[in-house]
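Only this structure's heavy atoms are used, side chains among them; waters, hydrogens and symmetry mates stay out. Order of the sequence lines sets the chain letters (A, B, ...), proteins ahead of strands, with each chain counted from 1.
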Number of protein chains: 2
Amino acid sequence: MQPDTRGQLLAAAKRQFAAKGFYGASISGVAGELGLSKQALLYHFKRKEDLYAEVLQEISERLLRFMRAAVSRADVPERQLEDILLGLYVSSRENPLDTQILVRELLDNQSRAETAKDWYLRPFLEELVAVARGIPGLEDRAFSAVFCIVYQVIGCIQYFAISSPTLTRMYDEQAFERIRDDFPVELRNQIRRLVASSGGA
Amino acid sequence: MQPDTRGQLLAAAKRQFAAKGFYGASISGVAGELGLSKQALLYHFKRKEDLYAEVLQEISERLLRFMRAAVSRADVPERQLEDILLGLYVSSRENPLDTQILVRELLDNQSRAETAKDWYLRPFLEELVAVARGIPGLEDRAFSAVFCIVYQVIGCIQYFAISSPTLTRMYDEQAFERIRDDFPVELRNQIRRLVASSGGA
DNA sequence: CATCCTACTTACCGAACGGTAAGTGTCAAG
DNA sequence: CTTGACACTTACCGTTCGGTAAGTAGGATG
């Protein structure tokens, strides 16, 4: 087994970008995490932006794989929606760095010159809206309304994910553990209320 | 009326910090927005962190004022909760820069050496939980559960706020306008479902 | 008219940044 | 034994960063 420096660099870069953002992270810092010089990194990735782009691509691919898997474990749309969204929560807990980077991207891509036409979350988002519109009671509603409903759930998941470190330090460890345990329960409740009210009304 | 350079510098700093974050923004860039040299800025604010701290303080004070006003327009807790949260949405739309900075702070303060014990949102958050626990059906639930419920709503509001620029460019202008119009409606629905299910159960 | 404060300016500093150029050791192939 | 690709290294470059020091124009005060 070779050292796989490239992969390790990508992992280190993910940590750095997640913690300090694109501007705050430095390529020498990333390389330094592995005890390498920054030129070793520049050998593998010609420019800082290339490195960042690759980190972003990895994340977006993982997200897409996750969603396709969730959709293919198909059932009735109600269950599908719940599964995907709860899965997204689990995913955000398992890959906190990814979530941090995604939210940072949301904040930064306005100041950088990015298209945002091909936003990595876009296919994920639209697939999810399509699933939601398969639910009786939501199928005849406007795209924009269903979009909002779905986006609200995604938003609270991702926001909670990036809040966790701060909340941990705000309350003590075990108080936050209770919160973290209750979160998916209340998330599920929220989704079920939403589905129920759509079906009922 | 004097030029009030200091205030203008704070406003410019807010724009810069919101757009590029603490690391990405430069004091020379902030001063340059007003056609001043960076030493002019350093005359008013000894260090970059002082400038940032003051921006943060302004935001947190505005937020606290807003919340106290919302709470004092008291009614039954159900209405109070809805008013505050919908007000928070309006506030986040009126002050998008503030929201961007708050979310950035959420991401950054882990890497900087900040206490997070006295997080600017903490009093806001706990007041809100207290209000929520005044609602029949929620009063006997655990603090952590009510916290999660409240935090979910806050999360989806703030997440939507920071998403708006990206969403605008993702869809065309008028498609996003429909989304933006539907959002508070669906937000209200979400809150009412939540209150209703608490009271009902 | 001299003095002092305010609100800046230009000049300068060391450190860190992203990035280029050129060299070096290792190792497999011809 | 030589060649050449690979995976780095040290050396260097120009720019930008936050921050210090010293100077200065304008106005109020004595």
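Computed from coordinates, the Leu34(B) CG to dT9(C) P distance equals 10 Å when rounded to whole Å. What separates NE2 of His44(B) from C1' of dC5(C) is a distance of 14 Å, to the nearest Å. Put simply, NZ on Lys46(A) is 16 Å from P on dG18(C), counting in whole angstrom units. Taking atom CG of Leu36(B) as the reference point, atom P of dA25(D) lies 18 Å away to the nearest angstrom. Between the C1' atom of dC17(C) and the CZ atom of Phe22(A) lies a distance of 12 Å, rounded to the nearest Å. Atom OH of Tyr52(B) is separated from atom P of dG18(D) by 14 Å (rounded to the nearest Å). The nearest whole Å value for the distance from the CD atom in Gln16(A) to the P atom in dA16(C) is 15 Å. As a whole-Å value, the separation of Lys48(B) NZ from dT20(D) C1' is 17 Å.
Residue contacts shown for Ala25(A) are limited to sugar-phosphate atoms, with no base heavy atom under 4.0 Å away. As judged by a 4.0 angstrom heavy-atom cut-off over every strand, Leu42(A) is placed among the base-contacting residues.
In this structure, the nucleotide among dT10(D), dC8(C), dA7(D) sitting nearest to the side chain of Ser37(A) is dT10(D). Each of dT20(C), dC8(D), dG18(D) was ranked by its minimum atom distance to the side chain of Thr5(A); first place goes to dC8(D). Here the side chain of Ser28(B) is nearest to one of dT9(C), dC17(D), dC8(D), namely dC17(D). Across dA7(C), dT10(C), dG19(C), the shortest atom-to-atom separation from the side chain of Tyr43(B) is found for dA7(C). Which of dT9(C), dC17(C), dT10(D) sits closest to the side chain of Gln39(A) comes down to dT10(D).
Salt bridge Arg62(B)/Asp98(B): present, at least one basic N to carboxylate O contact under 4.0 Å. The existence of a salt bridge linking Asp172(B) and Arg178(B) is excluded, since no basic side-chain nitrogen approaches an acidic carboxylate oxygen closer than 4.0 Å. Salt-bridge check for Asp108(A) with Arg104(A): failed, with every basic side-chain N at 4.0 Å or more from each acidic carboxylate O. The pair Arg141(A)-Glu186(B) meets the salt-bridge criterion, since a charged nitrogen lies less than 4.0 angstrom from a carboxylate oxygen.
Mapping Gly29(B) and Lys38(A) onto DNA chain D via the closest heavy atom, the residue that lands nearer the 5' end is Lys38(A).
No close placement of the Phe45(B) and Tyr52(B) rings is indicated, their centers lying 6.0 Å or farther apart.
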